[in-house]
Amino acid sequence: SSSAVDAFSGQYTLAAYRRAIDQAWEEIDVLLLPTTPTTYRIDEVNADPIRLNANLGLYTNFVNLTDCAAVSVPVGFCNGLPIGATLVGPAFTDDGLLALGDELHRASFTEPTVGATDLPLSPSVAAGKQGVELAVVGAHLVGQPLNWQLTSRGAKLKEATHTTANYSLYALANSQPAKPGLARSTTGGVSIEVEVWLLSDAAFGSFTAEVPAPLAIGNVELADGRWVKGFVCEPWALAEADDISGFGGWRAFLANA
């Protein structure tokens, strides 16, 4: 039997694990793990059900206990037995994990089907290149503090590129986390580093709804002449902002700040 002391000790240990995992999400976007350490045959489980079933949860039992989200997909066979992979992310990243899991599932089979049936999977949104291209310039870049707002929606990095040489970049005042503002210049200007992400129509809509003033989603001209949706800044916020255009991008500015 367990005592109250044991219960509280377990809660403290679990809280320590949760803190460690929360810190890990600051450095990584997703974990890719085996769904189970192995695949048992029915007769093996019947012979030793408690121990073998406990072992099957080695890579999944922690998910609910530490407030994570996860999705498991089939990825192939080993010695005639099915194997799966699990994608784990922070709480409420279900949409992004489902989109990533769908791509992993499709990439694991020559002709993927629905479960053990012969029914083909429906067309992939990502494979069809449907959606909206969005240019990001600052806190949403890979490795920056708001990048999760893209990845949690299943957005995919399409390319790293630059704008045409018609833009200015500003470090906005009193912005947390720190963010830049991009503005098209009527005279002069430079080429600014950007990343172009592909979002589904629904993800783009929900993302845009969360963009705070003075930032806005407008149209940005890329170096190859294409126009895509992208972050721009309302002019009224630039009066108190520092012009950092000379750095050519937000990452270069941060590296020299």
Side-chain angles (χ1 to χ4, degrees), residues 1-40 44-45 48-78 81-108 115 124-126 136 139-157 176-179 195 197 199-200 202-203 206-207 209-210 212:
S1 63
S2 300
S3 67
V5 173
D6 294 331
F8 278 100
S9 177
Q11 290 294 323
Y12 294 148
T13 300
L14 181 58
Y17 284 135
R18 284 179 173 172
R19 288 194 297 272
I21 290 178
D22 287 342
Q23 291 175 356
W25 295 135
E26 296 179 4
E27 301 180 13
I28 62 176
D29 294 319
V30 65
L31 283 173
L32 175 62
L33 301 171
T35 298
T36 60
T38 187
T39 303
Y40 297 116
E44 294 175 313
V45 175
D48 193 1
I50 296 178
R51 185 179 67 86
L52 297 192
N53 275 291
N55 191 38
L56 290 175
L58 179 65
Y59 297 115
T60 55
N61 287 340
F62 75 92
V63 172
N64 286 336
L65 294 172
T66 54
D67 196 25
C68 296
V71 60
S72 179
V73 296
V75 293
F77 294 86
C78 181
L81 297 174
I83 56 175
T86 298
L87 297 163
V88 183
F92 306 113
T93 58
D94 306 69
D95 288 347
L97 292 175
L98 287 169
L100 188 58
D102 177 59
E103 292 195 30
L104 178 60
H105 181 195
R106 294 174 192 275
S108 301
S124 168
V125 170
V136 301
H140 291 90
L141 296 168
V142 171
Q144 295 303 307
L146 298 183
N147 182 250
W148 66 270
Q149 293 181 347
L150 292 169
T151 56
S152 66
R153 289 176 166 86
K156 305 301 177 187
L157 177 60
Q176 292 297 328
K179 305 180 190 71
E195 289 176 354
W197 288 73
L199 296 86
S200 68
S206 67
F207 180 86
E210 295 183 0

- Pair Leu141-Asn147, side-chain contact (heavy atoms from CB on, under 4.5 Å): steps then yes or no: CA-CA 6 Å; Leu141 296 168; Asn147 182 250; 6.0 Å; no
- Does the pair Gln144 and Val136 meet the rule for a side-chain contact (heavy atoms from CB on, under 4.5 Å), with working shown? CA-CA 11 Å; Gln144 295 303 307; Val136 301; over 6 Å; no
- Among residues two or more places apart or on two chains, list those pairs meeting side-chain hydrogen bond (donor to acceptor under 3.5 Å, both in side chains) that have a residue in residues 2-26. Ser3-Asp6
- Can you check whether Leu157's main-chain N or O pairs, donor with acceptor, with Glu195's side chain at less than 3.5 Å? no
- Tightest non-hydrogen contact, residues Pro145 and Pro177, listed as CG-CB, 3.9 Å
- Query: Which residues satisfy the ring-ring contact (aromatic ring centres under 6.0 Å, His included) test with Phe207, sequence neighbours excluded?
  - Reply: His140, Phe231
- Task: Mind checking the CD1-OG1 spacing from Ile21 to Thr66? Nearest 0.5 Å is all I need.
- Result: 3.5 Å
- Cys68 SG to Leu31 CG distance, which is reported to the nearest 0.5 Å: 8.0 Å
- Task: Any chance you could lay out the side-chain contact (heavy atoms from CB on, under 4.5 Å) test for Trp197 and Thr151, step after step, and finish with the verdict?
- Result: CA-CA 10 Å; Trp197 288 73; Thr151 56; 4.1 Å; yes
- Message: Determine whether Leu32 and Leu104 satisfy the following criterion, side-chain contact (heavy atoms from CB on, under 4.5 Å), listing intermediate values before the conclusion.
- Response: CA-CA 10 Å; Leu32 175 62; Leu104 178 60; 4.0 Å; yes
- Using modelled atom types only, decide if a donor and an acceptor are shared between the side chain of Thr39 and the backbone of Pro82 within a distance under 3.5 Å. yes
- Value for CG (Leu199) from OG (Ser206), rounded to nearest 0.5 Å, stands at 8.0 Å
- Message: If I compare all heavy atoms of Val73 with all of Gly101, which pair ends up nearest, and what's the gap?
- Response: CG1-O, 3.7 Å
- Query: Does a sphere of radius 6.0 Å around CD1 in Ile50 hold more than 12 heavy atoms from other residues, nucleotides or ligands, not counting ones at 6.0 Å or beyond?
  - Reply: no
- Item | With sequence neighbours excluded, residues passing salt bridge (Lys or Arg N to Asp or Glu O under 4.0 Å) with Asp48 | Arg51
- Item | Donor-acceptor side-chain pairing of Tyr40 and Asn53 below 3.5 angstrom | no
- Partner residues of Tyr59 under the side chain to side chain donor-acceptor pair (under 3.5 Å) criterion, sequence neighbours left out: none
- Task: Can you measure from NE2 (His105) to CG (Leu98) and round to the nearest 0.5 angstrom?
- Result: 13.0 Å
- With sequence neighbours left out, what residues match Glu210 under salt bridge (Lys or Arg N to Asp or Glu O under 4.0 Å)? Arg153
- Task: Report the distance from atom OG1 of Thr38 to atom CG of Leu58, rounding to the nearest 0.5 Å.
- Result: 11.5 Å
Which donor-acceptor pairs under 3.5 Å do the side chains of residues 85-94 make with protein atoms, sequence neighbours left out?
residue : atom : partner : partner atom : Å
Thr86   : OG1  : Thr35   : OG1          : 2.9
Thr93   : OG1  : Pro90   : O            : 2.7

